[in-house]
Amino acid sequence: MVLPVPSPVISRRQGPPILLLGLLCAMAPMAIDLYVPALPVIAISLETSPAAVGVTLSANVAGLAVGQLLMGSLSDVLGRRRPLLAGLLVFALASLGCALAPSLAVLTVLRLLQGLAGAAGPVLGRAIARDLYSGSRLAQLFGTLSLVMGIAPVCAPVLGGGLLRVSSWHGLFVALAIVGAVLALWSVRSMPETLPPGQRTSAGPSDVFRVYGRLLGNRTFRAYALTLGALFAVLFAYIAGAAFVLQSGYGLTPTATGAVFALVAACMVAGGAATGRLARRTAPQRILARATAVLVLTGAGVLTASWAGAPLPVFLIPLVAQIAAFGLAAPCCTTLAMSGQSGASGSASALLGATQFATGALVTPLVGLGDADQGLTMACVMTGAAVVAATGVRIARRAAHRSPLAPSQAR
């Protein structure tokens, strides 16, 4: 889809509003977090099991994974602006369709389409940031974007729980449709083109595959992509299981569940904000190594609390700390993976996004298998993913000494 909306190419000293970039990157978590408190309600409404409702989440995440690959390659060929506007418009229409879905099957298909289109936000938001900045400045920007992005995850669960008090779960998707339409209008007015025609790649499919092949052939990039995927496995395991654990295991209402999600998201935002400050004086590699170590330790705490059937505060303390460590680690990992990828930042961003959301699509059904003790299943998945992330950091560190990321390897 090509939209005839011309826009001037901007220099590195200029750029779209950071708030807009942050909200674009937050589209995917927003589409997930807003309706997470409603998962048990949807299961009852559609007369199905929690695991079956979890398929709608997996479909959305799978769509995000595939959509990022498509949007990333398209943006390296067509520029950033046109694919972004097309994705936002389709996202809004798909969200409206979800609100009108008469069955679980229709909802699942539309959630897949919503994910495919919604991928434009995060993949192009990261690519635009990489078009304009590099090095420590890019790390600081990703930290700032994490802070702005956190507004949506903090507000979305609370808004979702509040909307459930005055409307059915269908109203949540109407809200997402409005968000998509607002972001589309804002982007039309404020999002210039950041990739000049002279820096775009050839339109041939073979060229696209060769770019992806070169990126995957880089050991350092591959290791950081593995690490980022494992980090998001921690997050998606929490998203898929926490609502059921809090409502079924601890007896919380949807509104109270939304408040807990907001608390956890606020701590994730604090982690992202800390990354922006720490990056001014500490190497991203060191921040990432320490954050993943904390991720493993707190994961062990969540696992122990779940196994022992601990009270809610004891369960929440390590859980909140683990998600905060995720917020600290993810921007650093993204920065390190995209360093030196100025010639293919859209494709690099797409591969990173596809990895993290493909991991999420695989993880969410695993959490749903633990119907007997979903809290313990969630904790096991989160802890295992944290160990994989810490291992990926060690692999990336060794690979960087052998074949560091360089512009020549990515072009």
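In this structure, the side chains of Gln68 and Pro122 come closer than 4.5 Å at one or more pairs of heavy atoms. Annotation: side chain of Leu176 is in contact with side chain of Met30 (closest heavy-atom distance under 4.5 Å). Within the 4.5 Å cutoff, the side chain of Val66 has heavy atoms near those of the Leu116 side chain. Between Val53 and Thr56, the closest side-chain pair of non-hydrogen atoms falls below 4.5 Å. Counting heavy atoms from C-beta outward, Leu362 and Leu366 have side chains that stay 4.5 Å or more apart. Contact annotation: the side chain of Met268 never approaches that of Val320 to less than 4.5 Å [non-hydrogen atoms, C-beta and beyond]. Counting heavy atoms from C-beta outward, Leu21 and Ile128 have side chains that approach closer than 4.5 Å. Counting only heavy atoms from C-beta outward, the side chains of Leu336 and Thr220 never approach each other to under 4.5 Å.
For the pair Ser167 (side chain) and Leu164 (backbone), a donor-acceptor distance under 3.5 Å is absent. Arg394 places no side-chain N or O within 3.5 Å of a backbone atom of Ala390 that could act as its donor or acceptor partner. Between the Arg111 side chain and the Ser95 main chain, no donor and acceptor come within less than 3.5 Å of each other. Not a single donor-acceptor pair under 3.5 Å links the side chain of Arg219 to the backbone N or O of Ala396.
Interatomic distance, Met382 CE to Thr377 OG1, rounded to the nearest 0.5 Å: 13.0 Å. Separation of atoms CG (Leu84) and CG (Leu124) is listed at 5.5 Å; rounding is to 0.5 Å. The line from OG1 of Thr359 to CG of Leu231 is 10.0 Å long, rounded to the nearest 0.5 Å. One distance of note links CG of Leu226 with OG1 of Thr355; it measures 8.5 Å at 0.5 Å rounding. Annotation: the span from Leu215 atom CG to Leu351 atom CG amounts to 5.5 Å, rounded to 0.5 Å. Atoms CG and CE, on Leu24 and Met191 in that order, are 5.0 Å from each other to the nearest 0.5 Å.
Nearest heavy-atom pair, Cys333 versus Tyr224, reported as atom, atom and distance to 0.1 Å: SG-O, 3.2 Å. Ala181 and Ala92 get closest at one heavy-atom pair: N-CB, 3.8 Å. For the pair Leu172 and Leu163, the tightest heavy-atom approach, listed with the atom from each and the gap, is CD2-CB, 3.5 Å. A pairwise comparison of heavy atoms in Val381 and Ala237 identifies CG1-CB, 3.7 Å as the closest pair. Considering every non-hydrogen atom in both Ala386 and Gln322, the closest pair reads CB-NE2, 4.1 Å. The minimum heavy-atom distance between Ser187 and Leu85, with the atom names listed, is CB-CD2, 3.6 Å.
When each of Leu295, Val294, Leu278 is checked for a side-chain contact (heavy atoms from CB on, under 4.5 Å) with Leu328, only Leu278 meets the rule.
Screening residues 38-96 for ring-ring contact (aromatic ring centres under 6.0 Å, His included), with sequence neighbours left out, gives no hits.
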*Would you please test Thr391 and Val388 for side chain to side chain contact (heavy atoms under 4.5 Å, CB included) and show each step?*
CA-CA 5 Å; Thr391 303; Val388 173; 5.6 Å; no
_Show, in sequence, the C-alpha distance, side-chain angles and deciding distance for Val182 and Leu23, and conclude whether the side chain to side chain contact (heavy atoms under 4.5 Å, CB included) test is met._
CA-CA 11 Å; Val182 169; Leu23 291 178; over 6 Å; no
*Please step through side-chain hydrogen bond (donor to acceptor under 3.5 Å, both in side chains) for the pair Arg80 and Ser75, ending with a clear verdict.*
CA-CA 5 Å; Arg80 314 300 186 201; Ser75 73; 2.8 Å; yes
*asked:* Does Val363 form a side chain to side chain contact (heavy atoms under 4.5 Å, CB included) with Phe232? I'd like the steps, not just the answer.
replied: CA-CA 9 Å; Val363 162; Phe232 273 84; over 6 Å; no
*Would Leu303 and Leu376 satisfy side chain to side chain contact (heavy atoms under 4.5 Å, CB included), going step by step from the backbone distance to the final call?*
CA-CA 7 Å; Leu303 182 58; Leu376 185 60; 3.8 Å; yes
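Scanning for ring pair (Phe, Tyr, Trp, His ring centres under 6.0 Å) contacts around Phe315 gives Tyr250, with sequence neighbours left out.
Ring pair Phe173/Trp169 is perpendicular by interplanar angle, where above 60° counts as perpendicular and below 30° as parallel.
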Let me have the donor-acceptor pairs involving side chains of residues 282-292, under 3.5 Å, with sequence neighbours excluded, atom names and distances please.
residue : atom : partner : partner atom : Å
Thr292  : OG1  : Leu288  : O            : 3.0
Thr292  : OG1  : Ala289  : O            : 3.0

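Remark: aromatic rings of Phe326 and Tyr238 are distant, center separation not under 6.0 Å.
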